Amino acid sequence: MSRSQQLDRPGPPAGPPGDDSGCTILHVDMDAFYASVELISRPELHGTPVIVGGGNRGVVLSATYEARRFGVHSAMPMSRARRLCPQATVVAPTHGRYSQVSAGVMEIFRSITPLVEPLSLDEAFLDVAGAVRRLGRPAEIGTLIRDRVADEQGITCSVGVATTKFVAKLASTRCKPDGMLIVPAAGVVAFLHPLPVAALWGVGEKTEKELVRLGLHSVGDIANTPRSTLVRAVGQATGSHLHALAWGRDERSVVPHEPDKSIGAEETFASDVDDPQVVRRELLRLCERTAARMRTHGLAGRTVSIKVRFADFTTITRARTLKEATDVAQEIYATARGLYDALGLDRARIRLVGVRVEGLADSGTTPRQLLLGERSRGRREVEQAADRAVARFGRGTVGPASLVTSDPAAPPDPSRPPDPSG
DNA sequence: TCTGGGGTCCTCTCCCTA
DNA sequence: TCTGTAGGGAGAGGACCC
């Protein structure tokens, strides 16, 4: 018996038997991905409500369909989810495991076609035009993928098959869970027009409100509205974009590797913080984490930005562009700390801080001007050595002293006079 | 009713330069 | 030399996606 049979899958649902000619774009989306991965190691929870999430101020990362029946959905505050479904088993996320399963799934995709564009851990676009002669029609390839994911990874996925990315993505959403939906080229408009405006890629809460205010409720309404009217309502880019999508026009191709444009990290405090020393220490930790990830990816960046969210949820960002790209945590921290100090916050209650580095380029091809008197083996080499130690002995084995002692004092900042507390 | 974390993209504004 | 203007880059904030 195959794993797909063991999973007790209901079989292909409801898609119109349709003509899949030219429908070479597949969107594959794992069903309740994090929750499904947790069920692999806890099969006794199959068929019960399970919520993946955690922290006293966290949100739901994923929930089984049994939990969703109670109104639980991802991004919902955990406190609310617990109230809606008190009988649910709450599981803390295990991100390493999700990455493992995701890598296995992407490997399956790449054995079908090299044209795989991952969107996140749990979904990807595939262009299977080049695989049709070898593996059969797009619908057959979709079935093959669903079976292999179930057999080899023990989870289910849904597949949308269409002529464009946008329609394929909508199709996979409409056939969840564990389904496949083919939208033939001739049926695109009939498929799209009855859908609500929020189905369109790029329409969130605010834009939906604005469109409904104009009396536009369905995708068909958008399609039959002059583009100039849409542009006036929601802006040039969004207006043109929505009008094109509403007629099924989407020129984007499947791009296997898009380089990262920014890398960052942010953290919500367990409770609001008004001590600048605590905030600075958190900034340092985030800079360390960001820089380590940049070095792992071989990237360096020029623009450092910080984000501060206050207790009332208002959020501000500040950014500064450096003369040269860097992947050194201490340089990123010096800039981030400068930006934070320049805010001049006086015991403001802070909920979250974040650090992000933009303007990324390959660190191997990014020239570094050695300053007069600067030692050739400096902070960068120290941090690279720390990377090697962490890779060998695990996270937390090496790091700045200020992060491993109870002293909240900030570390030495090259742009400032010596800090008496540090 | 309480809102994570990691991202991308767009719009607006300001400043500098030609 | 002064003024107006257009364009580009940077910065800030917002909306959106998963």
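Keep in mind that what you see is a predicted model, and the values were worked out from it rather than measured. Just so it is clear: chains get the letters A, B, ... in the order the sequence lines come, proteins before strands, and each one is counted from 1.
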Rounding to the closest angstrom, what is the interatomic distance between C:dG4 and B:dC16 at atom C1'?
15 Å

Could you tell me how far apart A:Tyr34 (OH) and B:dG4 (C1') are, to the nearest whole angstrom?
11 Å

Separation of B:dT8 atom P from A:His241 atom NE2, nearest Å, is 17 Å

To the nearest Å, how far apart are A:Leu121 CG and C:dC18 C1'?
10 Å

Ignoring backbone atoms, establish whether A:Ser120 has a side-chain N or O less than 4.0 Å from OP1 or OP2 of B:dG6.
no

Determine, stepwise, if the pair A:Lys165 / A:Asp250 fulfils salt bridge (charged side-chain N to carboxylate O under 4.0 Å, His left out).
CA-CA 7 Å; A:Lys165 287 165 85 170; A:Asp250 179 11; over 6 Å; no

Does A:Lys307 make a side-chain N or O approach to OP1 or OP2 of C:dA12 shorter than 4.0 Å?
no

Between A:Asp260 and A:Phe269, just flag the one whose closest nucleotide in DNA chain B comes earlier from the 5' side.
A:Phe269

Consider the side chain of A:Arg289, meaning its heavy atoms from C-beta on, and name the nucleotide among B:dT3, C:dA12, B:dG6 that approaches it most closely.
B:dG6

Between C:dA12 atom C1' and A:Leu339 atom CG, what is the distance in whole Å?
12 Å

Starting at atom CG of A:Leu352, determine the distance to atom C1' of B:dG4, rounded to an integer number of angstrom.
8 Å

Counting heavy atoms from C-beta on, name the nucleotide in B:dG5, B:dG6, B:dT3 closest to the side chain of A:Arg356.
B:dG6

Are A:Trp201 and C:dC17 stacked, counting the six-membered base ring, centres under 5.5 Å, planes under 30°?
no

Fit a plane to each ring of A:Phe125 and A:His27, take the angle between them on a 0 to 90° scale, and name the class: parallel (under 30°), tilted (30 to 60°) or perpendicular (over 60°).
tilted

Whether A:Ser363 side chain and A:Gly298 backbone form a donor-acceptor pair below 3.5 Å
yes

Can you identify which nucleotide, out of B:dT3, B:dG6, B:dT1, has its nearest atom closest to the A:Glu266 side chain?
B:dG6

Does NZ or CZ of A:Arg309 come closer than 6.0 Å to the centre of the six-membered ring of A:Phe313, within 45° of the ring's axis?
yes

Interatomic distance, A:Met78 CE vs B:dC2 P [rounded to whole Å]
14 Å

Which nucleotide in B:dT11, B:dG4, B:dC2 has an atom nearest any side-chain atom of A:Ala75:
B:dG4

Taking 4.0 angstrom as the limit, do A:Glu282 and A:Arg285 come out as a salt bridge?
yes

Residue A:Ser262, side-chain atoms from C-beta onward, closest of B:dT8, C:dG11, B:dT1
B:dT8

So does A:Ser262 get a backbone contact from the side chain of A:Asp260, meaning a donor-acceptor N/O pair under 3.5 Å?
no

Check whether any side-chain N or O of A:Arg309 sits under 4.0 Å from OP1 or OP2 of B:dT3, and answer yes or no.
no

What's the gap between B:dT3 and C:dA15 when it is taken at their C1' atoms, as a whole Å value?
16 Å

For the backbone of A:Gly96 and the side chain of A:Thr94, can you confirm whether one donor and one acceptor N or O come within less than 3.5 Å of each other?
no

Testing B:dT1, B:dG4, B:dT11 for proximity to the side chain of A:Leu61, the answer is B:dG4

Should A:Lys261 be listed as having a side-chain N or O under 4.0 Å from OP1 or OP2 of B:dC9?
yes

Taking it one step at a time, do A:Arg302 and A:Glu324 satisfy salt bridge (charged side-chain N to carboxylate O under 4.0 Å, His left out)?
CA-CA 6 Å; A:Arg302 275 188 68 204; A:Glu324 289 170 0; over 6 Å; no

Contact list (N/O, under 3.5 angstrom) for nucleotides 13-15 of chain B vs protein:
none

Which part of the nucleic acid, if any, lies within contact of A:Val203, taking any heavy atom under 4.0 Å across all strands shown: a base, the sugar-phosphate backbone alone, or nothing?
sugar-phosphate

Return no unless some side-chain N or O of A:Thr321 is found under 4.0 Å from OP1 or OP2 of C:dA10.
no

Between CG of A:Asp272 and P of B:dG4 the distance, given in whole Å, is 11 Å

Scan A:Ala265 against the nucleic acid and name what it touches under 4.0 Å (heavy atoms): base, sugar-phosphate only, or nothing.
sugar-phosphate

For salt bridge (charged side-chain N to carboxylate O under 4.0 Å, His left out), just list the numbers for A:Arg146 and A:Asp178, CA-CA rounded to whole Å, side-chain angles, deciding distance to a tenth of an Å, and then say yes or no.
CA-CA 8 Å; A:Arg146 293 175 63 219; A:Asp178 196 17; 3.1 Å; yes

Taking for A:Thr238 and for A:Thr268 the nucleotide of DNA chain B with the nearest heavy atom, the one nearer the 5' end belongs to A:Thr268

Is the closest basic N to carboxylate O distance between A:Arg280 and A:Asp341 below 4.0 Å?
yes

From the candidates C:dG13, B:dT3, B:dG6, the one with an atom nearest any side-chain atom of A:Ile316 is C:dG13

Proximity to the side chain of A:Glu205 - top-ranked nucleotide from C:dC16, B:dG4, B:dC2
C:dC16

Looking only at B:dG4, C:dC18, C:dG13, the nucleotide nearest the A:Arg318 side chain is C:dG13

Atom NE2 of A:His73 and atom P of C:dC17 are separated, to the nearest Å, by 14 Å

Counting side-chain heavy atoms from C-beta on, which of B:dC10, B:dT3, B:dG5 comes nearest to A:Phe313?
B:dT3

Counting only non-hydrogen atoms, which of residues 207-227 of chain A are less than 4.0 Å from DNA chain C?
A:Thr207

Looking at A:Trp247, does the NZ or CZ of A:Arg227 lie under 6.0 angstrom from its six-membered ring centre and within 45 degrees of the ring axis?
no

If the threshold is 4.0 Å, N to carboxylate O, is there a salt bridge linking A:Glu267 and A:Arg289?
yes

